[in-house]
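Let me begin by presenting the structure, written as structure tokens, before commenting on it.
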There are 2 protein chains.
Amino acid sequence: MSHDLDAIAAQLRRNGFRMTPQRQLILDAICELGGHVTPEEVVQRVQAITPALNRATVYRALNFLVEQRIITVTLLPDGKFVYELAEGEPHHHLVCRACGASVQLPHAALSEFYRLMEKQYDFRVDMTHISFFGLCKNCREGSA
Amino acid sequence: MSHDLDAIAAQLRRNGFRMTPQRQLILDAICELGGHVTPEEVVQRVQAITPALNRATVYRALNFLVEQRIITVTLLPDGKFVYELAEGEPHHHLVCRACGASVQLPHAALSEFYRLMEKQYDFRVDMTHISFFGLCKNCREGSA
DNA sequence: CACATTGTTGCAAACAGTCGCAATAACCTA
DNA sequence: TAGGTTATTGCGACTGTTTGCAACAATGTG
Ligand SMILES: [Mn+2]
Ligand SMILES: [Mn+2]
Ligand SMILES: [Zn+2]
Ligand SMILES: [Zn+2]
């Protein structure tokens, strides 16, 4: 999808924050780069347009936009964070550690697990955008 | 538990690797520090005894010992890797993002999810030592 | 418009983690 | 024991990420 800058700006102002040229550029970058982008990809992209835009600003903006629920973050099992626009239903991923392919899971695929943890351990698991590593079918056929 | 250096040394040699003073110190540190230690905690500990022992050596040894299945690693949902001795049954964790408390899950708590992913998506999720963030009961009562 | 307030940025320094490479130490064989 | 082989370490440089702080920019008030 695309992002509605006016709506986002309004939402931010409503909460006492501001829409800035830097944040606009960063949102554009996330949108144009498509799903699951790394901070460094965003830095490259925005600095191609505005070289003075600082690396630290990108990292801070990404965190900020996650807190405002305008984008979401997922932690890939190799320890890297990737970001994407928050839209529609929450989802999760199965990421193949051999070929990198990423399958999207509907939220429902994990809701049973969520309920079990709440019932048995009185623990509410954070269930926005989780990623699991593993091996896809193709990559299993190569080895054992 | 404690670790059996002789048995570990033998296992390494059997596979063409070596037990070194550095690796011994690092294993001792993991053992003495108890569960879930960060690389930096290990660095502090071993350098208190042998200041010359290099940071890079610690990181390399931790990766190596994971590959040899002498220790295990889990990725906490804040993006940090933590290590512990591999012993007994595989397990997982529910980690409270507010108070840091960590509940241990038996492997069986996730095996249903594992089977579902294999059946529905033909995908084998890596299921050694997974950690989820969330909120424990205590920390939920403070906020919403 | 002047001014105060406060959210935001850029900068620079610190920190965590990775990597290539040359020196070293362990092991094997003669 | 001497010499060759190779696993391992320390070093230094580099990348990615965080943080404090001072400068800046947007907003609101009089
Ligand atoms: Mn996603
Ligand atoms: Mn554990
Ligand atoms: Zn694959
Ligand atoms: Zn808690």
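Throughout, a chain's letter reflects where its sequence line sits, starting with A, and its residues are numbered from 1. Values below: all heavy atoms of this structure, side chains included; hydrogens, waters and symmetry mates excluded.
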Sugar-phosphate, base or nothing in reach of Arg23(B), heavy atoms under 4.0 Å: sugar-phosphate
Sugar-phosphate, base or nothing in reach of Ala56(B), heavy atoms under 4.0 Å: base
Sidechain-backbone polar pair: Gln47(A) side chain, Leu53(A) backbone, donor-acceptor under 3.5 Å: yes
Once you round it to whole Å, what is the distance between [atom2] of [N] and [atom1] of [X]?
| X | N | atom1 | atom2 | result |
| --- | --- | --- | --- | --- |
| Ile26(A) | dT9(C) | CD1 | C1' | 10 Å |
| Gln47(B) | dT9(D) | CD | C1' | 13 Å |
| Gln24(B) | dA25(C) | CD | P | 16 Å |
| Asp78(A) | dT15(D) | CG | C1' | 15 Å |
| Leu25(B) | dT8(D) | CG | P | 16 Å |
| Phe81(A) | dT18(D) | CZ | C1' | 13 Å |
| Arg18(A) | dT8(C) | CZ | P | 6 Å |

Base dG10(D) to side chain Arg60(B), donor-acceptor N/O within 3.5 Å cut-off: yes
Closest listed nucleotide, where the reference is the side chain of [X] and the choices are [options]:
| X | options | value |
| --- | --- | --- |
| Tyr59(B) | dA16(C), dA26(C), dT9(C) | dA16(C) |
| Glu40(A) | dT27(D), dG16(D), dG10(C) | dG16(D) |
| Phe64(A) | dT8(C), dA26(C), dG10(D) | dT8(C) |
| Gln22(A) | dG7(C), dG20(C), dG10(C) | dG10(C) |
| Arg55(B) | dG17(C), dT18(D), dT27(D) | dG17(C) |

Side-chain H-bond candidate by donor/acceptor type, His129(A) with His91(A), under 3.5 Å: yes
Pair Thr72(A), Thr128(A): side-chain N/O donor-acceptor within cut-off below 3.5 Å: no
Contact under 4.0 Å: Asn54(A) side-chain N or O vs dT9(C) OP1/OP2: no
Phosphate OP1/OP2 of dT9(C) contacted by Thr20(A) side-chain N/O (<4.0 Å): yes
Validation row, ring centre Phe132(B) to ring centre Phe113(A) under 6.0 Å: yes
Arg13(B) or Gly79(B), whichever maps to the more 5' nucleotide of DNA chain C: Gly79(B)
Position toward the 5' end of DNA chain D (nearest nucleotide), Leu12(B) or Lys80(B): Leu12(B)
Plane angle bin for His93(A) and His36(A) - parallel if under 30°, tilted between 30 and 60°, otherwise perpendicular: perpendicular
